[in-house]
Asks: 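Take a look at the following structure, please.
In what follows, chains carry the letters A, B, and so on, assigned in the order in which the sequence lines appear, proteins first and then strands, with residues in each chain numbered from 1.
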There are 2 protein chains.
Amino acid sequence: MQTAQRASAPRPASLDTVLTYAWGAGEFTATDAMSAVRLTRSTTIEALDTLARLGLLTELPNARAVGDYRKGRPARRFAFHADAGIVIGIDAGHVHLDGMAADLRGTVLARVHTELGIEHDTAEERRAAVGVAIDDLIRRAGRDAGDALAICVGVPAPVDRFGVSPIQRDGFWQRMNPDLVDALADRAPLVRVENDASLAAIAEGVAGAAAGCENYVALLAGGRLGSGVVVDGRLLWGAHGGVGEMRALDHVDGVGGAVGLGHRAKEWAREAIRDGDLDPRGALAALRPEALEGGTVLELAAQGDPDAMRIATQVGTVLARVVRVLHSMYDPEIVVICGGVSSGMGLVVDTARELLATSLDFESPRIVVSQLGADVVAKGAVAAAVELARSHALDLLYPTPAAGA
Amino acid sequence: MQTAQRASAPRPASLDTVLTYAWGAGEFTATDAMSAVRLTRSTTIEALDTLARLGLLTELPNARAVGDYRKGRPARRFAFHADAGIVIGIDAGHVHLDGMAADLRGTVLARVHTELGIEHDTAEERRAAVGVAIDDLIRRAGRDAGDALAICVGVPAPVDRFGVSPIQRDGFWQRMNPDLVDALADRAPLVRVENDASLAAIAEGVAGAAAGCENYVALLAGGRLGSGVVVDGRLLWGAHGGVGEMRALDHVDGVGGAVGLGHRAKEWAREAIRDGDLDPRGALAALRPEALEGGTVLELAAQGDPDAMRIATQVGTVLARVVRVLHSMYDPEIVVICGGVSSGMGLVVDTARELLATSLDFESPRIVVSQLGADVVAKGAVAAAVELARSHALDLLYPTPAAGA
DNA sequence: CTGATTGATTTGATGACTAAATAAATGTGT
DNA sequence: ACACATTTATTTAGTCATCAAATCAATCAG
């Protein structure tokens with residue numbers, strides 16, 4: 001017998017093509033789809049019918065939409081069925097947890113927010129907290145467990161492409177990512193665990209400052225610097241997920257560590273208050289150092305307070321040096337400053353821009369402040385989960401020939 | 001009329017599959033190919049016949065190879081026709097030019113070496129020099145101009161994915177890469193211009209220390225530090241080809257610039273000789289500082305000369321810091337030290353390894369010394385040219401339906 | 001000279017996709 | 001109201017890459 005193993009059961013490529021189009025489109029006619037995917041009418045309609053049968057498309061009854069009347073036989077109209085399932089995106093930070101449930105297009109259906117409390121910082125409790133958040137989200141979205149197609153969780157630790165974090169001496173990374181891929185495997189068919197800054201990068205790339213950009217870095221700049229790196233259109237991991245960890249900043253002049261920009265503003269301001277090193281009539285001098293936050297300092301700087309401005313300039317100098325490193329290693333077009341601190345960053349960024357304008361060998365990256373707010377990571381997690389669902393929906397739904405022995 | 005544009009004229013996928021197999025195999029039978037590519041006999045043989053007709057395969061007449069006799073009908077035997085064309089790989093350094101012509105498997109057929117001389121450092125002369133080298137190589141390989149399928153040139157400048165280098169103030173990069181992609185367009189259907197360190201990375205990945213590795217950095221460590229970076233199995237460019245340029249080393253403690261390791265050894269040794277800061281009975285003290293080369297110092301260190309060893313240790317300290325930066329930005333599994341200096345690097349590397357063993361957050365990269373010698377870049381250029389030819393051979397040869405209006 | 005064995009060739013599906021003909025549903029002009 | 005152009009849907013044949021099974025060819029072992 002001449003053995004001949006068929007390749008893994010294929011499916012019409014047209015299904016994937018048409019689904020990808022539909023996922024990104026609103027309501028559309030068969031003709032719209034046909035010209036978008038460049039297939040013949042027969043093939044396109046065949047695919048549309050199949051996708052509708054699988055529940056991924058809805059055929060809209062209104063053959064002739066209101067107002068939009070034209071001559072000829074009325075076109076069949078379809079729309080992607082964004083409620084065919086839900087996705088879950090979670091930012092599982094060190095002391096807080098932000099979660100969102102969304103439909104298959106990423107429209108948010110429900111949110112949760114939990115403060116974790118430093119005293120519950122164990123692998124077991126963290127796993128449980130994430131699980132509870134997921135259950136909550138599904139319930140609040142009015143769906144049940146089986147509807148969750150994809151879950152993505154962001155953690156403040158390096159994560160490799162399989163969702164595994166490297167082992168670290170003090171066990172911090174293991175606590176932040178207590179084998180979440182395995183722990184969540186029974187909650188959805190598709191699970192992805194990812195570094196938080198990488199998810200910020202995804203968020204910025206999908207609908208933020210870096211939309212359409214192939215080379216950029218998302219700098220999570222609040223409590224601790226972390227970066228999500230996209231080069232040549234791809235998010236980078238590295239051997240252990242360590243790309244962008246930036247420990248090397250410890251050894252860069254005038255940076256001295258991966259401490260975040262907000263944190264620096266806070267510390268310098270506190271120091272200055274304590275040292276009495278401020279204009280006594282200024283706004284900063286009046287504040288209690290213990291209660292001061294980095295964001296406040298930057299806000300004051302934006303309002304023109306001279307003392308705060310001096311600190312903001314100092315922070316800008318650090319930012320310039322960080323960007324210089326990023327530029328020389330990753331050559332990005334854009335560096336997006338993300339995270340909680342991003343509202344009052346104007347002066348900081350202007351300072352950095354000015355310092356970089358003349359000092360780089362070639363075109364310096366644009367530094368922009370994220371518009372996505374403190375939710376970037378969770379938004380990125382949702383986007384990643386949507387993408388996961390999109391790329392695997394047919395694997396899950398399309399009938400496979402019964403796997404024989 | 002219902003318009004229906006066909007997608008770009010397709011070709012049987014089996015052709016590509018079978019060709020890829022054949023390119024990497026020696027002599028083989030139809031059955032060998034069949035089981036390797038997992039297609040049926042009919043499909044495989046159809047593809048083999050087509051490829052033979054296109055000149056990419058030779059059918060070997062010896063149906064029954066000597067000694068290898070077996071029962072049954074004799075199998076048809078084929079071999080990839082590595083002489084169906086040639087490729088050219090060139091290392092166009094600042095003051096030297098190394099070139100190789102090779103067959104489609106990368107077996108070297110001819111070499112050229114030219115010293116360029118600093119006085120001829122203009123865009124025009126460099127373009128001409130590369131052209132002359134190519135003509136020479138083709139002639140020495142005993143072929144003619146039409147046989148060159150692919151040319152790859154490595155230059156000491158950032159190069160983006162289209163072969164373009166960014167504009168630099170002093171014009172150095174423009175001189176190093178004087179629009180070579182355009183200049184060479186009429187010499188072969190496939191042309192690629194690439195950064196020299198990136199080609200070193202390709203060489204190490206194809207047949208060097210990083211074979212089979214998905215995350216590594218090739219560090220060109222002679223005259224000036226440059227790095228070729230492979231992350232997640234892909235060579236990185238960045239927006240302007242600047243990935244791995246390492247200008248940021250200017251600001252890293254104890255590194256202070258992208259000066260190469262060999263260069264540092266030389267300078268420190270010269271300084272020490274001049275300052276009389278050496279054991280007068282040692283080997284170094286006897287040498288004339290002007291004639292000293294970095295390689296010599298490292299050789300002496302390898303032979304146990306205490307003064308040279310001190311310098312090598314110093315160089316190792318720098319290397320450790322450089323690797324620390326690479327580790328924290330790219331998270332490689334391996335860092336390969338390439339280039340001319342690599343012979344006496346033992347002590348340097350040992351020092352670096354020791355310093356890194358305890359100081360990194362997670363698994364530190366293996367530091368290894370390249371075995372590919374001073375030719376790495378040219379070898380990488382050949383490998384890149386072969387790959388270029390392999391991936392586009394059928395585009396060039398397979399008959400396309402006449403392009404109509 | 002008869003099988004057994006190994007591989008080549010032939011012949012007939014299958015399935016994704018295209019291409020062209022035909023049918024349906026609507027507006028327009030007389 | 002009725003022919004007719006227009007737009008889209010549906011049907012019916014093809015084409016092409018690939019597979020599957022049957023048949024043919026060439027060899028060795030007895």
Side-chain angles (χ1 to χ4, degrees), chain A residues 1-19 27-52 59-78 394 398-401 404, chain B residues 1-19 28-52 59-78 394 398-401:
Chain A
M1 182 173 44
Q2 305 188 5
T3 36
Q5 315 84 330
R6 72 155 67 252
S8 63
R11 93 189 135 229
S14 54
L15 280 186
D16 296 71
T17 319
V18 173
L19 178 56
E27 303 186 356
F28 58 93
T29 69
T31 311
D32 294 337
M34 191 189 121
S35 58
V37 303
R38 321 212 94 208
L39 291 168
T40 29
R41 169 158 258 120
S42 329
T43 312
T44 310
I45 290 189
E46 167 75 24
L48 290 169
D49 284 336
T50 307
L51 292 171
E59 180 160 5
L60 302 172
N62 50 335
R64 183 144 316 236
V66 217
D68 182 27
Y69 62 12
R70 272 172 300 177
K71 304 196 266 190
R73 177 171 179 170
R76 291 175 68 185
R77 296 182 72 83
F78 298 84
L394 285 171
Y398 196 74
T400 47
Chain B
M1 181 172 45
Q2 304 189 7
T3 37
Q5 314 85 330
R6 70 157 68 253
S8 63
R11 104 184 56 108
S14 55
L15 281 186
D16 295 72
T17 319
V18 173
L19 178 57
F28 58 92
T29 68
T31 312
D32 294 337
M34 190 190 123
S35 57
V37 303
R38 321 212 93 206
L39 291 168
T40 21
R41 168 160 260 117
S42 332
T43 312
T44 310
I45 290 189
E46 167 77 23
L48 289 169
D49 285 336
T50 307
L51 292 171
E59 181 160 5
L60 303 174
N62 50 337
R64 181 143 317 232
V66 218
D68 182 27
Y69 62 8
R70 271 172 301 176
K71 302 197 267 188
R73 177 171 179 168
R76 292 175 69 185
R77 296 182 72 81
F78 297 84
L394 285 171
Y398 196 75
T400 47

Asks: Return the nearest nucleotide to the side chain of B:A30; candidates are C:dA8, D:dC19, D:dT7.
Replies: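 Between C:dA8, D:dC19, D:dT7, the one nearest the side chain of B:A30 would be C:dA8.
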Asks: Take B:T31 and B:R41 through the side-chain hydrogen bond (donor to acceptor under 3.5 Å, both in side chains) test and state the conclusion after the steps.
Replies: CA-CA 7 Å; B:T31 312; B:R41 168 160 260 117; 2.6 Å; yes
Asks: Give the nucleotide from the list C:dC17, D:dA9, D:dA25 with an atom nearest to the side chain of A:A75.
Replies: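 Among the listed nucleotides, the one closest to the side chain of A:A75 is D:dA9.
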Asks: Tell me whether A:E59 at atom CD has more than 12 heavy atoms from other residues, nucleotides or ligands lying less than 6.0 Å away.
Replies: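 It does: A:E59 CD has more than 12 such atoms within range.
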Asks: When you look at B:L48 and B:R76, which way does the side chain to side chain contact (heavy atoms under 4.5 Å, CB included) test go after all the steps?
Replies: CA-CA 10 Å; B:L48 289 169; B:R76 292 175 69 185; over 6 Å; no
Asks: Counting only side-chain N and O atoms of B:R41, is one of them less than 4.0 Å from OP1 or OP2 of D:dT18?
Replies: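 No, B:R41 has no side-chain N/O under 4.0 Å of OP1/OP2 on D:dT18.
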Asks: What is the distance, rounded to the nearest whole Å, between atom CG of B:D49 and atom P of C:dT9?
Replies: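 Distance, rounded to whole Å: 7 Å.
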Asks: Give the minimum heavy-atom separation between A:S14 and A:L39, together with the two atoms involved.
Replies: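 Answer, listing the atom of A:S14 first, then A:L39: CB-CD1, 3.7 Å.
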Asks: Any chance you could measure A:T40, atom OG1, to A:M34, atom CE, to the nearest 0.5 Å?
Replies: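 Between A:T40 OG1 and A:M34 CE, I get 7.5 Å after rounding to 0.5 Å.
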Asks: For A:E46 and C:dC17, what is the distance between atoms CD and P respectively, to the nearest whole Å?
Replies: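 It works out to 9 Å between those atoms.
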Asks: Across the strands shown, which category fits A:T31 at heavy-atom distances under 4.0 angstrom: base, sugar-phosphate, nothing?
Replies: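 It contacts sugar-phosphate atoms only.
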Asks: Just the rounded figure in Å: distance from P of D:dT7 to CG of A:D32.
Replies: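 In whole Å, D:dT7 P and A:D32 CG are 14 Å from each other.
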Asks: Using a cut-off of less than 4.0 Å, is there contact between a side-chain N or O of A:T40 and OP1 or OP2 of C:dC17?
Replies: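 Checking C:dC17 against A:T40, no side-chain N or O comes under 4.0 Å of OP1 or OP2.
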Asks: Between atom CZ in B:R11 and atom C1' in C:dC17, what is the gap in whole Å?
Replies: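 Answer to the nearest Å: 19 Å.
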Asks: If you check every side-chain atom of A:S42, which of C:dC17, C:dT18, D:dA9 has the closest atom?
Replies: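 Output: C:dT18.
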Asks: How long is the line joining OH of A:Y398 and C1' of C:dA16, in whole Å?
Replies: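 To the nearest whole Å, that distance equals 10 Å.
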Asks: What is the distance, rounded to the nearest whole Å, between atom CG of B:L15 and atom P of D:dA17?
Replies: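 After rounding, the gap between these two atoms is 9 Å.
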Asks: Find the distance B:I45:CD1 to D:dA25:P and express it as a whole number of Å.
Replies: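 Answer to the nearest Å: 15 Å.
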Asks: Between P on D:dT10 and CG on A:L48, what's the gap in Å once rounded to a whole number?
Replies: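 In whole Å, D:dT10 P and A:L48 CG are 11 Å from each other.
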Asks: Nearest of C:dT9, C:dT18, D:dT27 to any side-chain atom of B:P74?
Replies: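 For B:P74, the side-chain atoms sit closest to D:dT27.
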